[in-house]
Amino acid sequence: VDSYVDSYVDASIDAKMKMVVVEVTAGAKLIGAAGTEIIVRSGTATAIDSQNGGLSDVTAGVDLRKGDVAPTNHLLIVPRDDGRGIAAVTSLFVMVRGAYTLQ
């Protein structure tokens with residue numbers, strides 16, 4: 001039998017592990033914190049890199065640099081908390097897990 005604390009901790013972990021759907025308007029940027037996962041579901045986006053490198057496209061096994069198109073349905077990971085993310089060329093729907101800001 002789980003205690004109240006066990007069920008609360010399990011619920012908190014589940015909430016943090018879920019991906020959320022985010023709409024990003026054309027011209028806006030989604031900047032992720034270290035470890036944030038991004039999947040572009042529709043629209044066109046380009047990568048935002050930093051002097052330390054690009055976004056990890058783990059689906060294709062490549063590093064996306066500034067201006068590279070972020071392919072739809074690819075898992076992108078922000079490796080460091082240094083301003084990396086995606087820029088919306090058109091309106092987008094993305095799935096995100098982790099901390100992010102819209103600019």
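Position 1 is the first residue of the sequence; numbering continues from there. Atom set for the values below is all heavy atoms of this structure, side chains included, hydrogens, waters and symmetry mates excluded. Just so you know, these numbers come straight off a predicted model, no measurement behind them.
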Requested in this report: Indicate, with yes or no, if L55 and V62 share a hydrophobic cluster defined by side-chain heavy-atom contacts under 4.5 Å among Ile, Leu, Val, Met, Phe, Trp and Tyr.
Outcome: yes

Report task. Say whether I48 and L92 are linked into one hydrophobic cluster, either directly or through other cluster members, by side-chain heavy-atom distances under 4.5 angstrom. Result -> no

Please report the interatomic distance [atom1]([X]) to [atom2]([Y]), rounded to the nearest 0.5 Å.
{"X": "E37", "Y": "S56", "atom1": "CD", "atom2": "OG", "value": "11.0 Å"}
{"X": "D82", "Y": "I31", "atom1": "CG", "atom2": "CD1", "value": "10.0 Å"}
{"X": "F93", "Y": "I39", "atom1": "CZ", "atom2": "CD1", "value": "15.5 Å"}
{"X": "I86", "Y": "I38", "atom1": "CD1", "atom2": "CD1", "value": "5.0 Å"}
{"X": "Y100", "Y": "T36", "atom1": "OH", "atom2": "OG1", "value": "10.0 Å"}
{"X": "M19", "Y": "M95", "atom1": "CE", "atom2": "CE", "value": "5.0 Å"}

Query raised in the report: Mind checking whether L102 and V22 have side chains closer than 4.5 Å, heavy atoms only?
Result: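 Side chain of L102 against side chain of V22, heavy atoms only: contact under 4.5 Å found.
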
Requested in this report: Please tell me if the side chains of T90 and S42 come closer than 4.5 Å, counting only heavy atoms from C-beta onward.
Outcome: no

Requested in this report: Go through the steps to decide whether D63 and R65 satisfy the test side chain to side chain contact (heavy atoms under 4.5 Å, CB included), and finish with yes or no.
Outcome: CA-CA 6 Å; D63 194 43; R65 299 306 300 236; 3.4 Å; yes

**Report entry** Counterpart residues, salt bridge (charged side-chain N to carboxylate O under 4.0 Å, His left out), relative to D68 (two or more places apart)
**Finding:** none

Query raised in the report: Looking at R84 and D49, does any basic side-chain N land under 4.0 Å from a carboxylate oxygen?
Result: no

For [X] and [Y], work out which heavy atoms get closest and say how close.
{"X": "L64", "Y": "P71", "answer": "CD1-CD, 4.1 Å"}
{"X": "G67", "Y": "T46", "answer": "O-CG2, 3.6 Å"}
{"X": "T72", "Y": "G43", "answer": "CG2-O, 3.9 Å"}

Would you be so kind as to tabulate the donor-acceptor pairs closer than 3.5 Å made by side chains of residues 73-81, with sequence neighbours excluded?
unit_1 : atom_1 : unit_2 : atom_2 : d
N73    : OD1    : R41    : NH1    : 2.4
H74    : ND1    : D57    : OD1    : 3.1
H74    : ND1    : D57    : OD2    : 2.9

